[in-house]
Amino acid sequence: MSIKVGIPRGMFYFDYYFLWKNFFNNLGVDVITSPKTNKDILNKGVELCVDEACLPIKIYHGHVDYLKDKVDYIFIPKMTSIHKKEYCCPKHIGLPDMIKNNIRNLPPLIDTEINLKKSHKNIKSSVFHIGKHFKKNSKTIAEAFQKAYRQYQEYIEMTTSKIIPIDINTKYKELSYITNVKKENYGRRIMVLGHSYNIYDYYINMDLISKLNKRRFDVVTAEMVKENRSREYAARLPKRMFWTHGQRIVGSAFALIEEKSISGIVYVSAFGCGLDSVLIDLIERKAKENRIPFTLLTLDEQTGEAGINTRVEAFIDMLEWRNRDEIDLSTHG
Amino acid sequence: MKLTFPHMGNVYIAAKAFFEELGQEVIPPPRNSKKTLEIGTKYAQETICLPLKIMIGNFVESIERGADTILLTGSCGPCRFGYYSVLENNILKDMGYRVRFIVLDPIGEGVDKLKKNVYQLFNAQNIKDVLEAAKIGWQLIKKADYITDLSNRKRAYAINSYEVDLIMDNYFKEVEKTFGAKEMMELMDSTIDKLNRVKIKQNFSPIRIGLIGEIYTVIEPFVNLELERKLGHMGVLVEKSLTPTIWVEHHVKAFPFGSKLERLKHELAKPYLKTAVGGHGLETVGSAIYYAQKGFDGAIQLLPLNCMPEIVAKSILPNVSKDYSFPIMTLIIDEMTGEAGYMTRIEAFMDLIKRKRRTVANG
Ligand code: SF4
Ligand code: SF4
C-alpha cells in the first residue's frame, strides 16, 4: 500500500492543489483531500481554533481534523514568502504552528517552510525537504517536481487565457471551483475580489458566484488576470506592496478598473482580515476615482445567507439602474 | 520643517530633545487622550488595527499645532505596519491636510534613500555628524526607559505608590518646558533622584508579571489603559518584554544579527513556533517562556483586536502555560475597551496568581 498524504481543502489548496498533488503523485504517493467545506468541518474548526482568528483559518482547522486519522502525513507548508522580497500573511506563516498547538493526535506534519524572500532558487531546498520523506534520490525528487510544475504552469496559462479549452472539465475535474468561474455568457461582468480561499470555497461565501450568474453577470477574479499585468499595475502604488497576495489582488483590480471592463466589484473578506483592511482601502479609492461601484461582503461564522443575499441583490439592482440611466443619458445627449 | 512623530510611550521625550539639539523645530503631539482616539476612530478605516488609529489622532493634533512633516519608522512586511504610511497619507489628504512624510524604511529598501532621510533629519554633512548625533539620541532613549522602569519598580515597592505617580506626572509636565538635550538630561536626573527618595516597604516580595505582546500596546500606556500603573498600585512588579531600548538594541545597534536577548527569546520559542511571523509574535512566545524561566508569577499578553502575529502567538500560549505551569492572560484591546471590564479581568488574574503562590507555599 502506498503512503497517503492529506491535503486539507482550505487556504492555499485553492492556489496550489494542482501543483502539490501532481508532485506527490509523481513521487508515488497518494493524495487524500478533505471534502468540500461543510457545516461539520466549520463547527469543528471553530471549536479547535482561537476565537480571534479569521474564518478561513478556523475552517482550515476543521479540514485538518477531518484528515488526521485517515492519512500518514498531512501537508501544511509554512508559507513565509512565495516571491522575492515579498511576504505572505503572518497567519499563513504561523499556520502549521497554530495547527500543531491547537489540534491533538496529529499524524506527522510536513510543514516545510517555503521562503523565497531572498531568492526564488530557495524553492529547491523546500522541494527536497518535502520529497525526502518519500524518496532518497534527489534527482528523482527534482524531476517529480519539475514535471508537476510544468503541468501547473499549463493550468495557470489556462486560468488566465481568454480561450477555454473544450476538455477543461474533464482534464481539470477537481478544479471545477475555478473553471466554473470562468464561464462567459452574459457579456458583462463583475469582479469578485479577495483571497482565493474566500472566493473559491463556495461554502464560505455561500456560493456568491452562482448568485451573480443568476442575475446574468459573468465573474472575473484576480487569478484570471495575468501575473505580470497585475504586477505592473501594483507597481503604481506609492509604496512597494510587500504581500504577494496584495500584489495580485490590488494589481488585478487596478488593471480592470482602469480598462473599465467591469461593471462593479464585490470584495469578499473574512472578518478581521489584516491584509484586507489595507487592500480594500486602496481598491475602494481607485474604484471611486473611476466611478466603478464597489461593495464589501464581510464573513464570519455567524454570517447568515439572508444578509448576504440582500446585499448582493441590492448591489446588482443598483448596477442595473445605473446601466439603464447611462443608456438613457446617451440616447438623449 | 516642523517635525512631528507618533506617540509611542516615552520615545517622544528622547526624540524631542534629540531633534531640538540638532536644530530641528519639533512639535510633539499632545499626550494621548480620549480626543486623540476619537479623531483616529472617526477618520481611519474601521478595520485597521488600533495603533494606526491613535497615530492619525496624533498627527491631526500636531498638524493643528503647526507641524508640517511627519517622521515614521517603516518596515516592509509581513505585517500591516509596513503599509501604515500610505494609508495615513491618504487619510490626511482626505481631511485636506498637506504634509510631508519621512519614512525610515529598512536598509533593504535602498541605502541611498535611508541615507538621504537620515542626513536631512540629523542636519548632518557626513557620517561623523550622524554618529555623533546618534550617540546623544541613544543616551536619551536609554535614560527615558530607565526612568519608566524605575518608576514601575518603585510603584510596586512604595509605601505610598501614588507618590510615584505624582513625580512622573510632574516629569511629563516639565518635559514640555525643556529645550534640547542638556535640559532634558537635567530633568531626567532630578526625576531619578526624586524616585530614589520614595520610601519603600522592607521585606516585601511583590508578584512579578511580564508584559508581553504587540509592541505598541506594550509600550504606550494610554493604549493599554495604564496597565503598568494599575498593576503597580496593586503592589505588582511589572517588566515589559519590549521597550524602545530593547528595540534599538535589536534593530539598530546589533544590525543585522539582532541582540542577544532577542535571539535568546527566539531560541526559547522554537519548540512552539518555528519561525518569526511578523510583528512581535515570535518574541511574545519567547518572552512568555523567558519570564517563566526567570521565576515570574505570570504574564499578560496585550493583543490589539485582529492583530495577526499576536493571534498566532495566542494560539500557542496555552501550551506554554501548561508546560511551564505559568499563568498567562490575554487582554484584547480596541477603541471600545472599557475600564470596568478590564479591571475585573486583571483583578481576577491577580487572585489566581495569589492562590497559586499560596498553594505552592503550602504544598
Ligand atoms: S490574509 Fe486575511 S483571511 Fe487570510 S489568513 Fe491572513 S488575516 Fe486571515
Ligand atoms: S503587529 Fe498587529 S497591531 Fe502592529 S501592524 Fe501588525 S496587525 Fe497591526
Side-chain angles (χ1 to χ4, degrees), chain A residues 48-54 57 61 78-81 85-104 109 111-113 115 117-118 237-246 250 269-282 284-285 288 296 298, chain B residues 44-49 52 74-91 93-94 101 103 105 108-110 269-282 285 303-320 322-323 330 332:
Chain A
L48 290 167
C49 188
V50 286
D51 274 350
E52 292 74 19
C54 47
I57 295 276
H61 279 68
K78 183 183 249 300
M79 302 294 260
T80 302
S81 162
K85 290 185 87 182
E86 292 172 10
Y87 281 107
C88 300
C89 167
K91 285 185 223 165
H92 298 154
I93 307 175
L95 185 61
D97 309 281
M98 289 175 92
I99 293 287
K100 264 188 276 180
N101 280 279
N102 290 337
I103 306 181
R104 274 164 216 292
L109 297 190
D111 61 350
T112 306
E113 185 180 28
N115 188 348
K117 191 184 158 237
K118 295 229 167 77
L237 286 164
K239 175 169 179 168
R240 188 170 69 77
M241 171 51 73
F242 48 74
W243 291 310
T244 309
H245 303 92
V250 174
S269 176
F271 176 78
C273 173
L275 269 68
D276 285 350
S277 71
V278 174
L279 308 182
I280 289 169
D281 187 70
L282 300 171
E284 206 175 354
R285 272 170 201 281
K288 212 167 169 187
L296 171 66
T298 308
Chain B
Q45 57 268 59
E46 197 194 326
T47 51
I48 199 73
C49 34
L52 186 136
S75 89
C76 285
C79 210
R80 284 185 258 193
F81 181 70
Y83 233 74
Y84 267 20
S85 60
V86 176
L87 302 180
E88 288 166 348
N89 208 348
N90 281 342
I91 295 166
K93 263 194 214 147
D94 286 349
F101 274 79
V103 184
D105 273 325
E109 292 303 298
K270 275 259 163 74
Y272 298 88
L273 178 57
K274 276 196 189 162
T275 63
V277 291
H280 290 84
L282 182 63
V285 175
L303 187 162
L305 185 72
N306 294 331
C307 171
M308 301 176 278
E310 292 304 326
I311 290 175
V312 174
K314 184 174 186 273
S315 302
I316 290 163
L317 290 177
N319 280 344
V320 172
K322 203 171 66 214
D323 294 352
T330 299
I332 297 171

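Proteins get letters first, then strands, A, B, ... in listed order; numbering begins at 1 in each.
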| query | Got more than 12 heavy atoms from elsewhere within 6.0 Å of CZ, Phe271(A)? | reply | no
| If you measure from the Lys or Arg side-chain nitrogens to the Asp or Glu carboxylate oxygens, is any gap between Glu52(A) and Lys314(B) under 4.0 Å? | yes
| field | Derivation and outcome, side chain to side chain contact (heavy atoms under 4.5 Å, CB included), residues Leu282(A) and Val86(B) | value | CA-CA 9 Å; Leu282(A) 300 171; Val86(B) 176; 4.2 Å; yes
| request: Please flag which part of Ala276(B) lies under 4.5 Å from any non-hydrogen atom of chain A: side chain, backbone, both or neither. | output: backbone
| note | Among Glu86(A), Lys117(A), Arg285(A), the residue with the most heavy-atom pairs under 4.5 Å to chain B is Arg285(A)
| query | Can you tell me how far the OG atom of Ser277(A) sits from the CZ atom of Arg80(B), to the nearest 0.5 Å? | reply | 4.0 Å
| said: At a heavy-atom distance under 4.5 Å, which candidate from Ile48(B), Leu282(B), Ile316(B) has the highest pair count against chain A? | reply: Ile316(B)
| field | Leading residue by heavy atom contact count with chain A [cutoff under 4.5 Å; candidates Asn90(B), Asn306(B), Leu273(B), Asn319(B)] | value | Asn90(B)
| task | Name the region of Cys49(A), side chain, backbone, both or neither, that has any atom closer than 4.5 Å to a heavy atom of chain B. | result | neither
| message | Minimum heavy-atom separation for Ser75(B) and Lys239(A), please, with both atom names. | response | O-NZ, 3.0 Å
| Leading residue by heavy atom contact count with chain A [cutoff under 4.5 Å; candidates Glu310(B), Glu46(B), Gln45(B)] | Gln45(B)
| task | Find the distance between CH2 (Trp243(A)) and SG (Cys76(B)) and round it off to the nearest 0.5 Å. | result | 11.0 Å
| Are the side chain of Asp97(A) and the backbone N or O of Lys274(B) linked by a donor-acceptor pair below 3.5 Å? | yes
| Which of the residues Cys49(B), Gly279(B), Gly77(B), Ser85(B) is involved in the greatest number of heavy-atom pairs with chain A at under 4.5 angstrom? | Gly77(B)
| field | Heavy-atom side-chain proximity of Pro78(B) to Ile93(A) below 4.5 angstrom | value | yes
| query | If you round to the nearest 0.5 Å, how far is OH of Tyr83(B) from CG of Leu237(A)? | reply | 4.0 Å
| Backbone of Ser315(B) reached by a side-chain donor or acceptor of Asn101(A) within 3.5 Å | no
| said: Can you confirm whether the side chains of Lys78(A) and Thr275(B) place a donor and an acceptor under 3.5 Å from each other? | reply: yes
| field | Largest heavy-atom contact set with chain A, pairs under 4.5 Å, which of Thr330(B), Ile332(B), Asp94(B), Leu52(B) | value | Asp94(B)
| task | Apply salt bridge (charged side-chain N to carboxylate O under 4.0 Å, His left out) to Asp51(A) and list each qualifying residue two or more places apart in sequence or on a separate chain. | result | none
| message | Is there a side chain to side chain contact (heavy atoms under 4.5 Å, CB included) between Lys91(A) and Ile311(B)? Walk through the geometry before answering. | response | CA-CA 8 Å; Lys91(A) 285 185 223 165; Ile311(B) 290 175; 4.1 Å; yes
| said: Please classify the contact between Tyr272(B) and chain A as side chain, backbone, both or neither, with a heavy-atom cut-off of under 4.5 Å. | reply: both
| query | What is the distance from atom OG1 of Thr47(B) to atom CG of Leu296(A), rounded to the nearest 0.5 Å? | reply | 8.0 Å
| remark: Looking only at Gly278(B), Pro309(B), Gly82(B), the option with the highest number of non-hydrogen pairs under 4.5 Å against chain A is Gly82(B)
